[in-house]
Q: 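First, the structure itself, so that you have it in front of you.
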Amino acid sequence: VFVGNALVAMYGKQGIVVDALRVFENMPERNLVSWNSMICSFSENGFSNECFGVFRRMLLEEEGLVPDVATLVTLLPVCAGEGGIDMGAVVHGMAVKLGHCDELMVSNALMDTYSKCGLWSESEIIFCMIKNKNVVSWNSIIGSYSREGNKRGTFELFMRMQMEEKIRPNEITILNVLPVCFENSEMMSVKELHCYSLRNGIQSDEMLANAFVAAYAKCGSTRSAEHVFYGMEVRT
RNA sequence: CUACCACAACCUG
């Protein structure tokens, strides 16, 4: 069962959903992780409807198999991508019934779902109710403000997470803040943010470097963009 | 064994 599960997950990550499905269907035995992995494979490859389909099948076919935290947090981003909150609300309801709605990962996924569906106040309410916010919680709310184009709010939250909660921003935080910097071609903010991440030793991985190249380019500073570009270890 | 936040460019709408 374990190898089967691992294979399903692996094929999913490689984008070979057909193989993931083939392994899954041929498994003589399945546990909760098998179903979660299959849902996840579909989700990673954009097959939203089949996510819900598999989920339904799991509830119908497998007696006594109860969704766990992983099931919920796998399903929620799919709901978010659907645009409407209907499915999200259903999953939220299940989380409450199953007593998982206070789990940090579930809360994080829920607020992200609400914000992506345009229900910002719902999202913020959940954010406020989380007592032990982690970096993902903050990244989600910052991403939400940043998508709205709320520059002030984004920076305020960015400061607050560090002052109030002493939570260290990570590379994803930076990637979330960056778009509001260059929406007005604000070279200065991009530079500041860049300096900030270097100073704080935020792991300058490939993604982050690429984001800065793009940001500088959008601000019209080809020189800075080149500078980052040539400093990279890996270029794709 | 699975699972929460981020992910280029281009084109079209």
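Lettering of chains follows the sequences in order, A, B, ..., and the numbering in each one begins at 1. Here the structure is a predicted model, which is why all the values come from computation and not from measurement. The figures here come from the full heavy-atom set of this structure, side chains too, leaving out hydrogens, waters and symmetry mates.
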Q: May I ask you to test the M38(A)-M58(A) pair for a side-chain heavy-atom distance under 4.5 Å?
A: no
Q: Round to the nearest Å and state the distance from E103(A) atom CD to A3(B) atom P.
A: 17 Å
Q: Does the plane of the ring in Y114(A) sit parallel, tilted or perpendicular to the ring in H92(A)? Use 30° and 60° as the thresholds.
A: perpendicular
Q: In whole Å, what is the span from the CD1 atom of I126(A) to the P atom of C4(B)?
A: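 About 17 Å, once rounded to whole Å.
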Q: What is the separation between atom CG on N5(A) and atom P on U2(B), rounded to the nearest whole Å?
A: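 Going from CG in N5(A) over to P in U2(B) covers 9 Å.
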Q: When you measure from every atom of RNA chain B, which of residues 45-53 of chain A have a heavy atom less than 4.0 Å away?
A: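 Close to the strand, none.
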Q: For a quick check of understanding: with a heavy-atom distance under 4.0 Å over all strands, which category does A70(A) fall into, base, sugar-phosphate or nothing?
A: base
Q: Quick one about H227(A) and Y216(A) (side-chain donor to acceptor, distance below 3.5 Å, no hydrogens or angles considered), yes or no?
A: no
Q: Where the side chain of L175(A) is concerned, which of C1(B), A6(B), C5(B) is the nearest nucleotide?
A: A6(B)
Q: Can you check whether S224(A) reaches M187(A) side chain to side chain, under 4.5 Å on heavy atoms?
A: yes
Q: Whether K116(A) contacts C4(B) is assessed here as follows: a side-chain N or O lying under 4.0 Å from the phosphate OP1 or OP2. Is that the case?
A: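 No.
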Q: Can you check the L104(A) CG to A3(B) P distance for me, whole Å?
A: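 In whole Å, A3(B) P and L104(A) CG are 17 Å from each other.
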Q: Please list, pair by pair, any protein nitrogen or oxygen found under 3.5 Å from a nitrogen or oxygen in nucleotides 8-12 of chain B.
A:
| residue | atom | partner | partner atom | Å |
| --- | --- | --- | --- | --- |
| A9(B) | OP1 | K218(A) | NZ | 3.0 |

Q: What integer distance in Å separates N36(A):CG from C4(B):C1'?
A: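 It works out to 13 Å between those atoms.
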Q: Is it true that, when you exclude E29(A) itself, more than 12 heavy atoms of the residues, nucleotides or ligands shown sit nearer than 6.0 Å to its CD?
A: no
Q: Can you identify which nucleotide, out of C5(B), U2(B), C1(B), has its nearest atom closest to the K13(A) side chain?
A: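 So the nucleotide nearest the side chain must be U2(B).
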Q: In whole Å, I'd like the distance from the CD atom of E124(A) to the C1' atom of C5(B).
A: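 Taking CD of E124(A) and C1' of C5(B), I get 16 Å after rounding.
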Q: In whole angstrom, give the distance that lies between atom CG of N108(A) and atom C1' of A6(B).
A: 14 Å
Q: State, without any angle test, whether N31(A) and N5(A) hold a side-chain donor-acceptor pair at a distance under 3.5 Å.
A: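 Per modelled atom types, N31(A) and N5(A) side chains form a pair under 3.5 Å.
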Q: Taking the side chain as every heavy atom from C-beta outward, state whether N200(A) and R168(A) have any atom pair closer than 4.5 Å.
A: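 Side-chain contact under 4.5 Å: yes.
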Q: Same cluster or not: V3(A) versus M27(A), using hydrophobic residues (I, L, V, M, F, W, Y) connected whenever any side-chain heavy atoms lie under 4.5 Å apart?
A: no
Q: How close do M111(A) and S137(A) get, heavy atom to heavy atom, and via which atoms?
A: CE-O, 2.8 Å
Q: Find the distance D112(A):CG to A3(B):C1' and express it as a whole number of Å.
A: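 So the two atoms are 14 Å apart, to the nearest Å.
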Q: Go through C4(B), A3(B), C7(B) for me and flag the one nearest to the C40(A) side chain.
A: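 In terms of side-chain proximity for C40(A), the closest of C4(B), A3(B), C7(B) is A3(B).
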